[in-house]
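When reading the values below, keep in mind they use all heavy atoms of this one structure, side chains included, and skip hydrogens, waters and symmetry mates. Naming: A, B, ... by sequence-line order, numbering from 1 per chain.
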2 protein chains.
Amino acid sequence: MNTLSYALLAFLAREQSSGYNLMLRLQPFWPAKHSQIYPLLSHMESEELLTSCWVVQCEKPDKKLYSITEKGIRKLKEWLYVPLADPITRDELSMKTFCMWLTDLDNAIDIIESRRVHLVKKLEHLHLKISDKVREDLEFGTPEFFDYMLYQKAIYTTTSGLDWTNMMLDILKEQRTKQNLK
Amino acid sequence: MNTLSYALLAFLAREQSSGYNLMLRLQPFWPAKHSQIYPLLSHMESEELLTSCWVVQCEKPDKKLYSITEKGIRKLKEWLYVPLADPITRDELSMKTFCMWLTDLDNAIDIIESRRVHLVKKLEHLHLKISDKVREDLEFGTPEFFDYMLYQKAIYTTTSGLDWTNMMLDILKEQRTKQNLK
DNA sequence: TGTCCCATGTAAACCGTTACATGATTGA
DNA sequence: TCAATCATGTAACGGTTTACATGGGACA
């Protein structure tokens, strides 16, 4: 059982869902392609952690709805007592910043600016999402409460990333002004 | 050419280095095991991006020192004009938070607390590292300047992670107090 | 007519970790 | 004596991405 399997259990513990929908909802937390998810789901079904049934839809293709079993819920609860693994982040921007001394100021600014744009969009999206959540007044211990806290987590990291790019851009642009004066 | 290859070029553009040393220095930015790095380095040598020579050391095993070639530097500079990829983070903590409503308060607190400990240690380490750097007064555009900015990047993200765990712990512990009063 | 979204699946290639294999030196 | 650090490499396995494959409905 890898983390992705537990991620699937985690979503299915809340409500039954199709592989396609799981793939979409998983992206912010544990990015995975459908080609990874579909075989995993059928494997988990063979392990009796899940059950499935086909649902016919009108104006949309048929879908296979997965539900979590008692055994699946037990597995998921056990996992919550397994020591937490460290997070893994791989960011090309760190490596590009590391060799930024090899390129020109304009390119350096373009690189950081492209990340800034990405983070601004992400933050806007998160603020939209969280404003939906606040209305349903949050009761501690409900799934929605933890959804809200996860949006906060994403907002914290995105904001700190944005702060860094803004600091970098200030320094780089100031430097460009100095250069142009010469 | 994958990102790891460029990461190796990025380090070797600053100074010649052994595979072992590259592996160690790479960890904070692009974690990789020696078993991934050694074959990559020899492949990159066959592509004439690197050259190598054996160095005999006293009281330590022999090492193979790699140096970047002109072609390697050209490749690295070209990479700095390729559009930046989005960062990828996979954090079990997000998934565990997502299904925290399934477990007890004490366990929830333990989970967040274990991440807090990890982040506090990381932050201490970063502050130590950065205090070394500040002394050599930083001149813009030098490799050391970008080193300093990368430490800042790490400090920003670690601090925001820590802020989130502290907020979570405040809420969870307050809730535990309420529960105990009943 | 072409593109996007829904929806499922497989196959191949690539990336990353764990395990196997060796061996000297330093310090607890 | 045992563990850690330095140092290099290969083999097997598992995780992830890209490409192949199909097909209907919505929308411009």
Side-chain angles (χ1 to χ4, degrees), chain A residues 1-9 11-12 16-47 50-67 85-92 95, chain B residues 1-9 11-12 16-47 50-67 85-92 95:
Chain A
M1 289 278 288
N2 55 22
T3 309
L4 181 55
S5 311
Y6 289 109
L8 294 169
L9 289 180
F11 275 92
L12 291 168
Q16 54 178 19
S17 179
S18 66
Y20 185 78
N21 185 46
L22 284 166
M23 181 266 293
L24 292 178
R25 297 207 45 196
L26 218 58
Q27 295 312 308
F29 307 108
W30 201 274
K33 314 285 173 179
H34 71 271
S35 52
Q36 196 180 5
I37 287 170
Y38 290 134
L40 234 192
L41 284 170
S42 36
H43 181 252
M44 286 165 77
E45 191 179 8
S46 75
E47 302 268 281
L50 308 176
T51 57
S52 71
C53 63
W54 283 93
V55 174
V56 179
Q57 301 183 106
C58 54
E59 294 169 357
K60 277 185 191 179
D62 297 358
K63 64 179 176 181
K64 205 182 193 173
L65 264 189
Y66 282 94
S67 305
D86 293 344
I88 289 180
T89 301
R90 286 197 167 90
D91 189 357
E92 258 192 29
M95 290 323 306
Chain B
M1 289 279 289
N2 55 21
T3 308
L4 181 56
S5 312
Y6 289 109
L8 294 169
L9 289 180
F11 275 91
L12 292 168
Q16 53 178 17
S17 178
S18 67
Y20 185 78
N21 186 46
L22 285 165
M23 182 268 291
L24 292 178
R25 297 209 44 199
L26 219 57
Q27 295 312 308
F29 307 108
W30 202 273
K33 315 283 173 180
H34 71 272
S35 52
Q36 196 179 6
I37 287 170
Y38 290 134
L40 235 192
L41 284 171
S42 36
H43 180 252
M44 287 164 75
E45 191 179 8
S46 76
E47 302 269 281
L50 309 175
T51 57
S52 71
C53 63
W54 283 94
V55 174
V56 180
Q57 300 182 106
C58 52
E59 292 168 0
K60 279 185 188 177
D62 296 358
K63 65 178 175 181
K64 205 183 194 172
L65 264 190
Y66 282 94
S67 305
D86 292 344
I88 290 180
T89 300
R90 286 198 168 89
D91 189 356
E92 257 192 30
M95 290 323 308

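Nearest approach of A/Q57 to A/P61, heavy atoms of both residues: NE2-O, 2.7 Å. Of all heavy-atom pairs between A/P31 and B/I88, the closest is CG-CG2, 4.3 Å.
Residue contacts shown for A/K60 are limited to sugar-phosphate atoms, with no base heavy atom under 4.0 Å away. Among the atoms of the strands shown, base atoms are found under 4.0 Å from some heavy atom of B/Q36. Among the heavy atoms of the strands lying under 4.0 Å from B/D62 are primed sugar atoms or P, OP1, OP2 only; no base atom is included.
Judged purely by atom type and a 3.5 angstrom limit, B/Q27 uses its side chain to pair as donor or acceptor with the backbone of B/A32.
Take the nearest nucleotide of DNA chain D for A/T3 and for B/P39: the residue whose nucleotide is more 5' is B/P39. Map B/K64 and B/I88 each onto its nearest nucleotide of DNA chain D; the residue landing nearer the 5' end is B/K64.
In this entry the distance linking CG of A/N2 with P of C/dG16 reads 16 Å, nearest Å. Between the CG atom of A/L40 and the P atom of C/dT10 there is a distance of 12 Å, given to the nearest Å. Rounding to whole angstrom units, CG of residue A/L65 and P of C/dA7 are separated by 9 Å. Note: CG (B/L26) to P (C/dC15) measures 15 Å, nearest angstrom. Between the CE atom of B/M23 and the C1' atom of D/dC6 there is a distance of 9 Å, given to the nearest Å. D/dG9 atom C1' lies 17 Å from atom NZ of B/K33, rounded to whole Å. Atom NE2 of B/H34 is separated from atom P of C/dT22 by 14 Å (rounded to the nearest Å). The NZ atom of A/K63 sits 16 Å away from the C1' atom of D/dG24 (whole-angstrom rounding).
With C/dT26, D/dG9, C/dA7 as the candidates, the nucleotide lying closest to the side chain of A/Y38 is C/dA7.
Between B/Y20 and D/dT8, a side-chain N or O to OP1/OP2 separation shorter than 4.0 Å is absent. Side-chain N/O atoms of A/Q57 include one lying less than 4.0 angstrom from OP1 or OP2 on C/dA7. Phosphate proximity of C/dC15 to A/R90: absent, as no side-chain N or O sits under 4.0 Å from OP1 or OP2.
By the 4.5 Å heavy-atom criterion applied to side chains, A/Y20 and A/K64 are not counted as neighbours.
The only member of A/L65, A/N21, A/T51, A/L50 that meets side chain to side chain contact (heavy atoms under 4.5 Å, CB included) when paired with A/Q16 is A/L65.
Judged by distance alone, with hydrogens and angles left aside, B/S18 brings no side-chain donor or acceptor close enough to the base of D/dT8 to form a pair under 3.5 Å.
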